[in-house]
Undergrad: 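Okay, handing you the structure first.
Indexing begins at 1, ligand by ligand and atom by atom, following the structure's order.
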Amino acid sequence: MKFSVAVASVIAILAPTSMAQSVISIHGSGTTNPSKCYWHIMDQMQIQAKLPIRMTYRGVGSSTGQAEFIGDDTGISTNMFASGDLPISAEDFASFESGSILHLPVLLGAISFFHSVPTGGEKLNLSACLLAKILNRKVTDWTDAAVIDENPNLLNVLRNPSPITVARRVLGSSSTASITEYLHKVCPEEWPEELVGRTIEWPVDTVPCEGSGGMTDCITSMPGTIGYIDSGHGHAEGLQEIELLNAANNYISSLEASERGGILAAAENADIPTSLDADFSSVNFMNQGGTNTWPIVAMTYVYVKKDLTFIQDPAAQTLVKAFLTALYTDEYITQCEEEFGFVRVDGELREKALAEIESLTVSAGAPEWTFEFETITNEGQGDYVISNKRESYSEAEQDMMLADIAVLKAEIDLLHSEMDIVASGTGHTHDEDGNIVAIGSAYNNAMNKDSQLQAALVLSSISITLWILTIIALLVRCVTGSHTNTNLAMSETAKVDTPPETA
Ligand SMILES: *[C@@H]1O[C@H](CO)[C@@H](O)[C@H](O)[C@H]1NC(C)=O
């Protein structure tokens, strides 16, 4: 034992530092919600780094992330940072030395209700208590007086009876946690404490739906259904959203709210401690004030220790800082908004977070990672510069393919809508279950069979091209992916890589 330690240190001394280049790695864990966003940023940074770096994030849920952050039996964190959709509880927070950990508010997510009630374009207005009575099955028909009270015009478009179908998630889900927390906060008389959580006891005549995809199917396949899903997802699927009564007494959709800054407003109006190292356990973003504020908002936090020297490799300590900085940097976080439907934390809260990240404690002499977005001649070639001028061919090629696929998808949608127009006189009809009939829809039996056939042929040839492109994209990804992993694995075991060029 002693001998091998001695040998190792002799080797360490003998090996010129310029020759040894081990992989610098950082690892986090926590909520699955933003995992795609984190993976995307990590992928980018790995490609853009000159030195071999490895960044991972395990999507294991907020509570596991928090448990790993709190640490194993010896009290040592098994992750270097964690992420969660909930603040750390008062009890767990008290187990840390006072002022030693940070809650960094990173991303806001809106959750909303979507429906397939044929309202003929009328907005479906719901207050929290009406929503609660619909979900707890006290109100089971869209023509119930309680519904009509907020939606007088429904009587013009709906037949009586028009049964309500309630779609809800089947397994533990953060969207269930958010909507139940919201309903309890705003309408405790209809939504008691015991109905709050990731999984709850639902009335038997609600419809279980699995995952966001399953929820979308549930809503679209059964007219008259109401369900909940994160807002970005719901709109990406083209679902119809409700109008929810907010704390300022305005009916608003999350789409309208987000266009008017009403998601970020929830964070600005919430009672957040002045210092990010304080106890956040009572911070709540639901039903905040403000004309355009969306009432069902959840915050994704990153939890990090202020002293990073528990991480052995000094370059990894500062790489954690670089990753956290990226979470507040345009070039990285924009994609999380555009592709994954989050809203970034901005303004004063962002400034506060960046200041805290800047002052995290690292070992003396730890290298500082910087970013190159605009070419910095010579300096950009530094060992610790993460440069967006470094790309990988497979990434670039994937981007081109995604762009092609987007064009093809748009063409298919267009063809579909053309086929719809040909197939029906005035639009859609939803009378399969005989209960709900949209006004003014009628089948046009004299549809033009020729043009339908033509559209179908074009459509199928495009679909085949789309599939081929997708398969090629997947293959390219597989091949380049395993290639990268092998390289990393090799350099990690050998702890030796090509020596950096000398001046
Ligand atoms: C919902 O309320 C708006 C006014 O806020 C009203 O224009 C609309 O007709 C209402 N929806 C229904 C179905 O009555």
Undergrad: Less than 3.5 Å apart, any donor N or O on the side chain of Tyr303 or Ser83 sitting next to an acceptor on the other?
TA: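 No.
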Undergrad: Side chain, backbone, both or neither: which applies to Asn125 and ligand 1 if a contact is any heavy-atom pair less than 4.0 Å apart?
TA: side chain
Undergrad: Determine, for Glu68 against Arg58, whether the closest basic-nitrogen to carboxylate-oxygen distance falls under 4.0 angstrom.
TA: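 Answer for the salt bridge query: yes.
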Undergrad: May I ask whether atom 4 (C) of ligand 1 is less than 4.0 Å from at least one protein heavy atom?
TA: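 Under the 4.0 Å cut-off, atom 4 (C) of ligand 1 has no protein heavy-atom neighbours at all.
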Undergrad: Got an N/O contact under 3.5 Å between Asn153 and ligand 1?
TA: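 Yes, at least one N or O pair falls under 3.5 Å.
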Undergrad: Applying side chain to side chain contact (heavy atoms under 4.5 Å, CB included), run through Leu130 and Glu150 and close with a yes or a no.
TA: CA-CA 9 Å; Leu130 176 54; Glu150 296 181 35; 3.6 Å; yes
Undergrad: Can you tell me the protein heavy atom closest to atom 13 (C) of ligand 1 and the distance?
TA: Lys123 O, 3.3 Å
Undergrad: Only heavy atoms of Asn151, strictly under 4.0 Å: list the atoms of ligand 1 that pass.
TA: 11 (N), 12 (C), 13 (C), 14 (O)
Undergrad: Identify whether the distance between the nearest side-chain nitrogen and carboxylate oxygen of Lys133 and Asp144 falls below 4.0 Å.
TA: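 Answer for the salt bridge query: no.
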Undergrad: Would you tell me whether Asn246 and Thr293 have side-chain atoms, one donor and one acceptor, within less than 3.5 Å of each other?
TA: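 Note: Asn246 and Thr293 side chains miss the donor-acceptor criterion.
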Undergrad: Under a 4.0 angstrom heavy-atom cut-off, which atoms of ligand 1 come close to Glu122?
TA: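 So the answer, numbered in order with elements, is 8 (C), 9 (O), 11 (N), 12 (C), 13 (C).
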Undergrad: Quiz question for you: does at least one protein heavy atom lie closer than 4.0 Å to atom 7 (O) of ligand 1?
TA: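 Under 4.0 Å from atom 7 (O) of ligand 1, zero protein heavy atoms found.
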Undergrad: Quick one: are the ring centres of Phe371 and Tyr332 less than 6.0 Å apart?
TA: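 Yes, ring centres under 6.0 Å apart.
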